[in-house]
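Working notes for the structure below.
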Amino acid sequence: MKLWPLPTWHTAFACALFFTALTLCVSEAVAAGTLNPTPRSSPSLPFIWPLPAAFTFGNHTLSVDPALSLAGNAASSAILRAAFDRYRGIVFKHSDRYGFLRTLRTTYDVSKLQINVQSHTDQLQLGVDESYSLFVSNAELHSGVVTIEANTVFGALRGLETFSQLCSFDYTTKTVQINKAPWSIRDKPRFAYRGLMLDTSRHYLPIDVIKQIIESMSYAKLNVLHWHIIDEQSFPLEVPSYPNLWKGSYTKWERYTVEDAYEIVNFSRMRGINVMAEVDVPGHAASWGVGYPSLWPSPSCKEPLDVSKNFTFDVLSGILSDMRKIFPFELFHLGGDEVNTDCWSNTSQVTHWLSQNRLTPKAAYEYFVLKAQEIALSKRWSPVNWEETFNSFPAKLHPQTVVHNWLGPGVCPKAVAKGFRCIFSNQGVWYLDHLDVPWEDVYTAEPLEGIRKVSEQKLVLGGEVCMWGETVDTSDVQQTIWPRAAAAAERLWSPRDHTTRNINVTTLPRLQYFRCLLNRRGVAAAPVTNFYGRTAPTGPGSCFDQ
């Protein structure tokens, strides 16, 4: 069954129902004293994150059987069977841990979760259909079944996350309940690309920590991990073709094997998350020369990489060939930012090469970027480059180039006007290492700002929040990412007109609730409203008030 697009009248009607219901729900809770105005006692309110495209709900409460079973054709999908088991563990974390709570109740309103998908292909690529529908009938009419329908297994994964957020544990009855039934949810993402960039060069992050971050990404329906593996400070990745490269790691214990990288990719795929790797050239690459010193222009001037040597591009080609065996995603990030060509101007063999080829250092920067693009394209990758490449020589970039904005606003409108695809990561709002950016600024940032034509809007793939690692390691990475990354996640998933009205009334309580949900799931998400990101609570209080 094709779920999307819905007819215009259906979408408008569903949106009207949603806003009416949400307004009434919040107003009634405030009047009753259960919303103050944070959700201290309001797990029954429709705090789903990110907000679905369209949904309606009622006022019934249903109990869910701890022995909830999986039905429908999803049972034949290894991805969905594994996901069902994960979410069953999350939903029933408190119930029946010791095997005797079922004796307290013999009948339940919900005993089956039926998931039906139209296609069982598990090929995960950019733009895969992530739409789904979720239906919960009321107590009187209930058949004991909650239904999720999706076109793909990855849409069903998003439906499972929503289902898990509908379920809450009641400490009085010691049962899992679905409140506000009946539910009718029809959902799809606004953007195909919803990313988080993770920097593992400035500080090494163990594999288990990266997995924890990937798991938490799935809770907010993010779908791309941009893995900034290598930078000037360290080269932690094993490259079989050039094994001395990871001599540039901080220590022999802070490395990623090929098997580690495979594991990250497969772990992500099981959660509907693509992994886009980055090798930032020609700058940000001083660590390469620890293993191969001839890649440096000179021992005292170590980056950009030596543009004058064929060996430089042989090594780059070898890295990309080895990485292509690991990373199946169609996009590959080649960096290209913050290139200072002074090393080239001050090194005799490079200046000689520049003179022979009648190139200025600026033209050599262009030459290096375009040659790197050719290598990536030959490996069947579409190249992604930071915006400096577009700002410097837009006419020369390959048409498949994806321009990655970061310096400020206004780049995506220029890029899409020239036919390029674009990813939005304006550092003023979506750089998570900027601790003084409040959740409101993250939330109200708009990837399509300044883009009027529908044809050009379609070229904006989406956006990503960036977790640069200079001041982040295992001790503080999760509370720096969350909850502000969730604010961007809803902007990238939910319809814009659903999420721009009275955000301190309609959004803040839901974000506070989602932050507490992350905490309950073991994610060290920081308080929402503290002035600096990742700041500890200022005093005693409820999770929902901080």
Side-chain angles (χ1 to χ4, degrees), residues 4-5 50 53 123-131 152 154-155 158 188-198 217 220-228 268 272-278 327-337 373 376-377 380-391 394 397-427 429-431 442 445-466 485 488-496:
W4 292 98
Q123 295 299 311
L124 179 62
Q125 285 293 350
L126 183 66
V128 68
D129 190 338
E130 296 174 274
S131 65
T152 70
F154 303 108
R158 309 306 174 216
K188 68 172 182 177
R190 182 180 176 210
F191 290 101
Y193 185 111
R194 307 179 306 281
L196 167 69
M197 193 222 73
L198 196 62
M217 289 173 63
K221 298 185 173 74
L222 294 174
N223 71 346
V224 179
L225 175 69
H226 171 186
W227 193 2
H228 188 88
S268 299
I273 295 172
N274 283 297
V275 180
M276 177 178 70
E278 178 177 2
F327 299 99
F329 191 40
E330 64 196 73
L331 302 181
F332 189 89
H333 210 301
L334 290 168
D337 62 312
Q373 285 197 337
L377 287 159
R380 304 182 315 282
W381 265 319
S382 291
V384 183
N385 282 102
W386 294 109
E387 68 175 74
E388 285 95 326
T389 59
F390 172 78
N391 297 337
L397 293 173
H398 192 277
Q400 289 186 34
T401 301
V402 178
V403 177
H404 195 168
N405 151 250
W406 76 277
L407 284 171
V411 174
C412 282
K414 294 176 183 177
V416 299
K418 291 184 177 295
F420 292 107
R421 293 174 293 172
C422 192
I423 296 170
F424 176 88
S425 289
N426 179 355
Q427 65 171 334
V429 286
W430 280 10
Y431 266 32
V442 178
E446 174 48 48
L448 297 184
E449 184 176 4
I451 304 174
R452 300 277 185 263
K453 295 180 180 178
V454 173
S455 60
E456 293 179 357
Q457 290 177 348
K458 291 179 179 178
L459 293 175
V460 179
L461 299 181
E464 71 178 33
V465 285
C466 297
E490 182 158 284
R491 171 62 59 239
L492 291 167
W493 179 277
S494 306
R496 187 181 184 186

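- Between Pro189 and Lys221 there is no side-chain heavy-atom pair separated by less than 4.5 Å.
- Smallest separation of non-hydrogen atoms from Phe420 and Thr401: CD2-O, 3.6 Å.
- In this structure, His226 and His404 have tilted ring planes: the angle between them lies in the 30° to 60° band.
- Between Ile423 atom CD1 and Met197 atom CE the span is 12.5 Å, to the nearest 0.5 Å.
- Taking 4.5 Å as the limit, every side-chain heavy atom of Phe424 sits out of range of all side-chain heavy atoms of Phe191.
- Here the shortest heavy-atom pairing between Gly272 and Asn223 reads O-CB, 3.6 Å.
- Of the charged side-chain nitrogens involved, none lies within less than 4.0 Å of a carboxylate oxygen, so that Glu449 and Arg491 do not count as a salt-bridged pair.
- The side-chain contact (heavy atoms from CB on, under 4.5 Å) test applied to Ala192 returns Leu126, not counting sequence neighbours.
- At least one side-chain heavy atom of Tyr193 sits under 4.5 Å from a side-chain heavy atom of Leu331.
- In this structure, CD on Gln427 lies 10.5 Å from OG on Ser425, to the nearest 0.5 angstrom.
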Identify all side-chain donor-acceptor contacts of residues 451-459 below 3.5 Å with residues at least two apart in sequence or on another chain.
unit_1	atom_1	unit_2	atom_2	d
Gln457	NE2	Ile451	O	2.9

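- Shown here for Trp430 and Gly463, the closest heavy-atom pair between the two residues is CZ3-CA, 3.9 Å.
- Rounded to the nearest 0.5 angstrom, Lys418 NZ and Leu397 CG are separated by 10.5 Å.
- For Arg421, there are no salt bridge (charged side-chain N to carboxylate O under 4.0 Å, His left out) partners two or more places apart in sequence or in a different chain.
- Shortest non-hydrogen contact noted between Glu490 and Pro50 is OE1-CA, 3.3 Å.
- Side chain of Gln125 to backbone of Glu330: a donor-acceptor contact under 3.5 angstrom is found.
- Under the disulfide (SG to SG under 2.5 Å) criterion, Cys466 pairs with no residue, sequence neighbours left out.
- Here the side chains of Leu198 and Met217 are not in contact, with every heavy-atom distance at 4.5 Å or above.
- In terms of heavy atoms, Asn426 sits closest to Gly408 at OD1-CA, 3.4 Å.
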Output side-chain donor-acceptor pairs under 3.5 Å for residues 381-391, partner residues at least two apart or in another chain, one line each.
unit_1	atom_1	unit_2	atom_2	d
Trp381	NE1	Phe329	O	2.9
Ser382	OG	Gln400	OE1	3.0
Asn385	OD1	Gln373	NE2	2.8
Asn385	ND2	Gly335	O	3.1
Trp386	NE1	Glu278	OE2	2.9
Glu387	OE1	Asn405	ND2	3.1
Glu387	OE1	Trp406	N	2.7
Glu387	OE1	Leu407	N	2.9
Glu387	OE2	Asn391	ND2	3.2
Glu388	OE1	Trp406	NE1	3.0
Glu388	OE2	Glu338	N	3.3
Glu388	OE2	Trp406	NE1	3.3
Thr389	OG1	Trp386	O	2.9
Asn391	ND2	Glu387	O	3.4

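- Shown here for Leu492 and Gly462, the closest heavy-atom pair between the two residues is CD2-C, 4.0 Å.
- Listed by chain and number, the residues in a side-chain contact (heavy atoms from CB on, under 4.5 Å) with Gln123 are Thr121 (sequence neighbours excluded).
- The CH2 atom of Trp227 lies 14.5 Å from the CG atom of Asn274; values are rounded to the nearest 0.5 Å.
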